[in-house]
Amino acid sequence: MLKRRIGRPLPFLVVFAHLGLLGFVPELLSPVTAAGAEGSYEANARPFLARYCFSCHGEEKQKADLNLEAFGKNVSMYKQRDHWELVRDLIVEREMPPEEKLQPSEEERLQLVDFINNELAKFDCDDLQQPGRVTLRRLNRAEYNNTIRDLMGVDFEPAADFPLDEVGYGFDNIGDVLSLSPILMEKYLNAADQIVSKAILSEVPAWPPQQHFEAETFRTRSDDVRDEERVMGFFREGTATKLFRVDQDGTYLLKIRAYGQQAGSDPARLSVRINRQEAQTIDVPAFEDAPGIYTLPIQLIASSHRLELGYTNNYNQQNHPVSELNGDRNLFVDYVILEGPQDSPPPSLPESHTRIIPQQPELGQQIPTARRHLKRFVSRAYRRPATEQELNRLTELFAYALEQKAPFEQAMQVAVQAVLSSPSFLYRWELDPSADGPEDQAVRTLNPHEFASRLSYFLWSSMPDQTLFDLAADGSLLQTKVLEAQVKRMLQDPKADALVTNFAGQWLQFRNLDTITPDPDLFPTFDDDLRASMRKESELFFGAIMREDRSLLDFLDADFTYVDGRLAQHYGLEGEFSASFQRVSLDQRSARGGILTQASTLALTANPTRTSPVIRGKWVLEQILGTPPPPPPPNVEELSESQEAITSASLRERLEIHRANPECATCHEKMDPIGFAFENFDAIGAWRDLDGRFPIDPSGELPDGRRFKGPKDLIAILKTEDTFIRTVTEKMLTFALGRGLEYYDKCATDEIMAATIADNYRFSALVQAIVTSEPFQKVRLITDNL
Amino acid sequence: MTKSSFTLSRRTLLKGAGAALSLPWLEAMTATANPSDPHKRENPTRLGVLFMPNGVRETEWTPSGQGHEFEFSKTLEPLAPLRDQLFIPTNLWNQASNVGDGHYVKTSGFLTCQTISKSLGFDINSNGVSMDQLAAQRIAGQTPLPSLELAISPVSIGVDTNVGYTRVYGSHIAWSRPTRPLAREINPRLVFDRLFRSAYPQSSNSQHDTLLLDRVLGDARQLQRKVGAADRSRIDDYLESIRSLEKRVEQASQPAGKTWQPAVDMDPLTKPAGIPEEYAEHVRLMLDMIALAFQTNTTRVCTFMFGNAVANTNFSFLEGVSGGHHSLSHHENKEKNLVQYQRIAQWHVEQYAYLLTKLSEMKEGDSNVLDNSMILFGSGLRDGNKHSPRNLPIVVAGRAGGRIATGQHREYDRNTPLSNLYRGMLDAFGTPVEAFADSDGALPGFLA
C-alpha cells in the first residue's frame, strides 16, 4: 500500500492539490488556507503531526517504516516530495489517522494539506528541466473515426459500436487509462474489414479495357506443343492464329508475353500480322525464367479481326565449329492481351479507392506497384515515413494474397487491413531513438512527425493533413513563424470542431447532456429537442470564441449567444426566431451571458427534480476555478428530500441548517454561495422568480467577505481572478498532452498563463503558448527501458 | 491473369500459411481434457450470472421455511413454476466487499470475493479473478468463444468524486486478471453477429488463413522491445488481445482440433435489429442472446449486468413505479419507496424466470439446457439503504447436469462466505479449485 502510493499521488488529489500547488493561493475561496498557507513548518505543520501522527510514525514507533519526526524542525518538503505527497494523500482520504485514533477536525486537515501543497510548490523552475512523459496513447473513438475519415476518405463512424473510452483527469484521451480489451481488438479488426470494403473496390475492370487471349485458344498446327504451363511452343517456323472482335475504332495495344529458348547469334523472332498484314516483327530475347512482355500499337476498326503470330528464325545447330553457336532455338508464347481503345474513358472510381490505388499496375508489375502504393499509404497511416522493414512485411502479405489468386485490389485490401490493425496505426507512438544517442541526455525534442501528430490530435482529434506532413517532412513545422501560421490555419479549419466537441464538451461537460433526466412532471417543456438545442448553443458559443479569437474571459461574460426558436422560447427572448440557430446580442439587462448562464451548464448541474446549489457551486469550483472540494466526510446525512422537508422552508434555509455542522461548513461555505447566485435559473435553466412558494435571493458572500447581489455580480468577481485562466490553461494542457499534470508542470503552466494574459487573453494566444511549451514539444527519455 | 478464385477471408486472417507458429498458447489448447470432465460429456454444463444493481427490499426477499418445504417470498414468486430447479441460499456474505464504498466494491467484487484497490482509473485492480473467468479459462478451447460478457448500459466513465473510485469498477463483474475487467457488449445485434461468426467461421481451409495477425503481432513485438514500462503494459494489452483472437480462429480452422459444432443451427433471420429504445425490450433481447449462446454451445460461460452500480434506470414503465432504481433503493424506510423498490426487484426476478423458462424449453437429448446449466442471479448488496454485503440476495437455478441439489431453500450460519457457493459452482462446472478467495469450505447441501 505504502509502496504503491509513494511517488504516485492519486490523480484527483493532484488536482485538488493544485489549490496551492500550481502557485494559486486561493484567497478567494479559502480563508482557512490563506491563514495556513504562509509561515513555517514549525508553526503550521509540526503541531498537527505531533498531535496526530508521531505516536505511530515518530521516534518511538515507525509504522510502515515512516518516521515523520526524523525530518527535524526545518523541513523542506519539496525535497522529500514523495513522502509528503503520501502524507497529504492519506490525510485527504481520511485513511490517516486510523479510525480508532484521535481525529483532527476538517479544518485542521485542510489547513495541513494546504500548507503541504504550498511547500511542495517551492521549487525553482530554472533548475528543473522536466517535460514529463506521456503514456502511449491509443486512438480513442473520436480520434479513430476522424483519422479513418481523413486517411481513407470514408466517413461512417466505424467506432460507433466500440466500447466507451475511459476518462482520466476529465478527458477521454489520456494514455494512462486508454486500455485495449479483446473485444475492442475484435472490433478494430472488424472495423478494418468494413473500412477496406467501403474504401477500396474489390475488383476494378482493367483500364483501358482488355481482352485476354490465352495460348491454348490459338489455332495452331497440330504438332505445336502446348505443355502443362499452358504455353504455346513454336518448335519450328510457323504461325498460330486467333480471331477476335472489337466494338470500337481506335488505337489498341497488343501485349504479348513470350520468351525464347535461345540459340545462335540472334534472339527468337516473332512476327505479328493483323488481318494478314505485317504489323511488326519483334525480337524476343527473354528467357523462360523471366518472360518478356512485348507491346505494339495497332489501329483497329470496329469489326472482326485476325491475329497471326509467327516464328520466323528457327535455328538448330549441333555441330557448329564455334561451340557457343550450338543449340536449338524455339519460341514460346504465354498469352496475348489486347488493350484498348486507348482513349476509352477511365472507369469512375471512388476517391477513397484512387487515394490508395492511384493507378493500376502495369502487367507483371503488381508487387512493385503495391509496394509503392503501400509506402505512400503507410507513411500517412502511421503518421511518419514507413520503414523498409514495414514495407517488406506488408508487401509479403500482399504477395501472399496474390499467390492465393486474389485480384490486385483484394490483395491491397488485405495489406491495408493489416495496416489499420497494426499497433503503429492504433497507437500514437513517440518512441525514443535507439540507445546510440548521448547517454546523459534526459530530455529530447519531439521529431517533426511526432510533433505534427500532437498538434493535429490536439486541435483536430485527427491525423495531420498533407500540409502538416509536408512541413514535418522538411522540418520547418517547428519554426516559430511557421507553427504560428499553422495553428491559425488549423483553428479556422472545420476540423477544429473536434476541439469544441472533445475539449469543450468535456471541460464544460455538455457532452454529458445526454445523461440528464429532468422529471417530466415537473419540467414538461424539456424534451430531446431542447436538450439538443442546449448543447448546440454551447458548441456554437465556444466555436465563436475560438474562431473569432476572442478573449477567454468571454467564456464567463459575453454579450452574445446563439439561440434557435426553441431555446429563445426557453429563455423568454422576444422576437422572431426560426428552427435554425442565430446569433443574438445580449444587453446589460439580460440575465444571460457566458457559459455559467447557459441552459446546458445550468441543467447539467441540477438534480432531476430541483436545482442543486451545491452541485452548481462545486461545478464552478472544479471547472472554472480549478479548486474542487474534497469528497464529503463519510456518514454525512443527506439533505432530506421528503415532502415535509421541501415544504418546510426554502432550499436555501434548509441548506443553511445542513451547513451548521462544522464538518460540512468548511467546504459548503465555498460551494453554496456560488450555487445560490444561480437560483433564479431552474433545474433546466429557465428563469424563475420563486422556488416553490419561496422568493429567491441570489445574493451572497464569498468566504473572503466579498459580497455580490446576483449572478452578474458574481461573474464579475470571477472574471477578475486569474484562477479562471489558470484553470482553462490546466484543462487545455491536460487535453493537449493526454496526461495528467504533475507538480513540475507548474513551470510550464505559469509561462503559458503569462503569455496568454500578455496577449489580452486571446484564445489563440493560449493555444500558441501551449504548443510552444516544453511539455508539448519535448519528452523525458525513458530510463526504465529493458 | 485469370479470373479470381480468391477465397481468402480477410476477417479471419490468421495464422500464417507455412509460417510455423510455435506459439506458447497453442500448447494450452492441445492439453487433453480429463475424461471425467463434464464438458466432454454429451451435454456440457453452462454457467451464467445475472447481476442486479442496488439490492432488494429485505423483508420481501427471503423465502419462509427451509429445505424442500419452503414458501416463496413475494419478490421470488415469479420463480414458483421453476421450483424444482432452484437452490436458494440465505445468509451468504461477501466479506471482502464489506469495506470501501457502497457500490463499486460490491460490483467488481461480486464474483471475485476480493476487495478492489481504491483507484481513479490509472491503476485499477480487483485483486482477484472472477469465478466465471476461472471457469472459462479452465475450459478454454472447447467452445468458439471462451465467455460472453453482456450488459445494458455502456461503461460508466469518469471518477465518482463522492467516493473517489473510478466508475469502471461499477461497470464490471467479470475479471480475467486482477487488472483486466472484461468489456461488455451492449448491442444485441452485435452479440448475434459475434455468436454467428464464431459458430460459422468463414474460413474452412487453413491454407487460406493469412499472415495478417502474424504481421501485426510482429509489429507489436518489435515496438514492445523499444518502450518503457508504462507503454509496455499498453502494448501488452494489444498482444494479449490479438492472441486471444488468434487462438479462436486457430481453433476454428484446425480440422483435427475442431471438436466443436453448433449444437443447434443459428438462423440469421432471428438477428436483432439493434439496441431497442425500451429498457425492458433490451433486457429481453440480451437474455435471448444468452439462451442462444448456451443452446448452440457457442460459449458455456456468460455474465450479464442488468445495470451498472448506482444505475438509476427509470422503471416508470412498471405500474406504480415512478423513479430511478438507485434513488428508490435509498428508500429511507418509507413505505411509498419500499413498495416501488420491491416491485423493481421483482421485475428483475421475472426476467430471470423468463430466461430460465426459455432454457428449460430448449431440449437437449432427454434433458434440456436448463438441466445442464447453473444460472446465478443476485446483487452485491442486500438493502440499498444500508449497502451491506451480508445475507446477499442470491439464487442459483439449473441442476448442472444433476450435480446441484436443487429444489430447496437453505439457511446457513450468519456470515457464511459467498465464495463457498462459488467453489461449489466451480466443482459442479467440472473445474474445481483448491482455494478461492475467503472460502473456508464447501457449502453444505449444495452439491447433489
Side-chain angles (χ1 to χ4, degrees), chain A residues 4 10-12 93 133 135-136 138 161 163-168 170 172 175-177 179-186 189-190 193 196 203 212 390 393-394 396-397 400-401 404-407 410 413-414 417-418 421-424 426-427 429 431-432 434 517 608 628 631-632 642 782 784-785, chain B residues 1-2 4-8 10-11 13 17 117-118 120-123 149 154-155 157-159 161-164 166 168 180-185 187 190 194 208 210-213 215-216 218-220 223 225-231 234-235 237-238 240-242 244-245 312 314 324 332 334:
Chain A
R4 179 176 74 78
L10 294 176
F12 89 98
E93 282 193 81
R133 188 174 178 90
T135 303
L136 178 65
R138 173 171 68 67
D161 283 323
L164 292 185
D165 299 305
E166 188 38 38
V167 169
D172 64 359
D176 276 333
V177 297
S179 61
L180 193 162
S181 57
I183 195 169
L184 178 57
M185 193 64 232
E186 202 177 325
L189 292 174
N190 285 334
D193 182 64
V196 297
E203 210 164 357
H212 290 245
E390 284 163 349
R393 291 161 57 81
L394 283 165
E396 248 173 62
L397 181 62
Y400 173 75
Q404 304 294 309
K405 299 262 186 284
Q410 288 185 28
Q413 285 180 329
V414 172
Q417 194 184 356
S421 311
S422 165
S424 299
L426 295 171
Y427 291 85
W429 292 90
L431 276 181
D432 291 339
S434 50
T517 53
S642 68
I782 43 173
D784 60 353
N785 198 4
Chain B
M1 229 166 57
T2 50
S4 159
S5 60
F6 184 52
T7 54
L8 179 136
R10 287 195 316 275
R11 181 178 280 127
L13 302 167
S117 301
K118 195 158 187 177
L120 302 163
F122 305 90
D123 49 2
E149 287 71 42
V155 172
I157 52 179
V159 172
T161 52
N162 288 323
V163 289
T166 166
V168 168
R180 165 55 71 85
L182 289 177
R184 310 92 27 90
E185 183 60 79
N187 184 333
L190 298 180
R194 267 188 100 199
H208 283 165
T210 77
L211 299 156
L212 182 135
L213 286 193
R215 284 299 100 133
V216 297
D219 288 355
L223 292 164
R225 272 184 264 128
K226 298 184 190 167
V227 301
D231 291 352
R234 290 281 156 249
I235 204 69
D237 279 357
Y238 179 92
E240 185 183 314
S241 301
I242 290 277
S244 71
L245 290 177
N312 208 20
N314 189 332
E332 299 175 315
K334 297 202 172 76

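Below, chains carry the letters A, B, ... as their sequence lines are ordered, and counting in each starts from 1.
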Query raised in the report: Does the pair A:Arg138 and B:Asp237 meet the rule for a side-chain contact (heavy atoms from CB on, under 4.5 Å), with working shown?
Result: CA-CA 11 Å; A:Arg138 173 171 68 67; B:Asp237 279 357; over 6 Å; no

Query - side-chain contact (heavy atoms from CB on, under 4.5 Å) evaluation trace for B:Asn187 with A:Asp161 - result: CA-CA 8 Å; B:Asn187 184 333; A:Asp161 283 323; 3.8 Å; yes

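Qualifying side-chain hydrogen bond (donor to acceptor under 3.5 Å, both in side chains) partners for B:Glu185, counting only residues two or more places apart in sequence or in other chains: A:Lys187.
Summarising the geometry, atom CZ belonging to B:Phe122 is positioned 6.0 Å from atom CG belonging to A:Asp176; distances are rounded to the nearest 0.5 Å.
Nearest heavy atoms, B:Ile235 versus A:Pro423: CD1-CB, 3.8 Å. When all heavy atoms are compared, the tightest approach of B:Arg180 to A:Leu180 is NH2-O, 3.1 Å. In this structure, B:Ser241 and A:Ser181 approach most closely via the heavy-atom pair OG-C, 3.4 Å. Considering all non-hydrogen atoms of both residues, A:Glu166 and B:Gly158 come closest at OE2-N, 3.5 Å.
Taking chain A as the reference chain and counting heavy-atom pairs below 4.5 Å, the highest number among B:Glu149, B:Glu240, B:Arg234, B:Arg184 is found for B:Arg234. Contacts with chain B were tallied for A:Ser424, A:Gly170, A:Ser179; A:Ser179 has the most, counting heavy-atom pairs under 4.5 Å. Per-residue heavy-atom pair counts under 4.5 Å with chain B were compared for A:Leu184, A:Leu164, A:Val177, and the maximum is reached by A:Val177.
With a threshold of 4.5 angstrom between heavy atoms, A:Asp165 approaches chain B through N, CA, C or O but not through any side-chain atom.
Under a 3.5 Å cut-off, the side chain of B:Asp231 and the backbone N or O of A:Leu136 do form a donor-acceptor pair.
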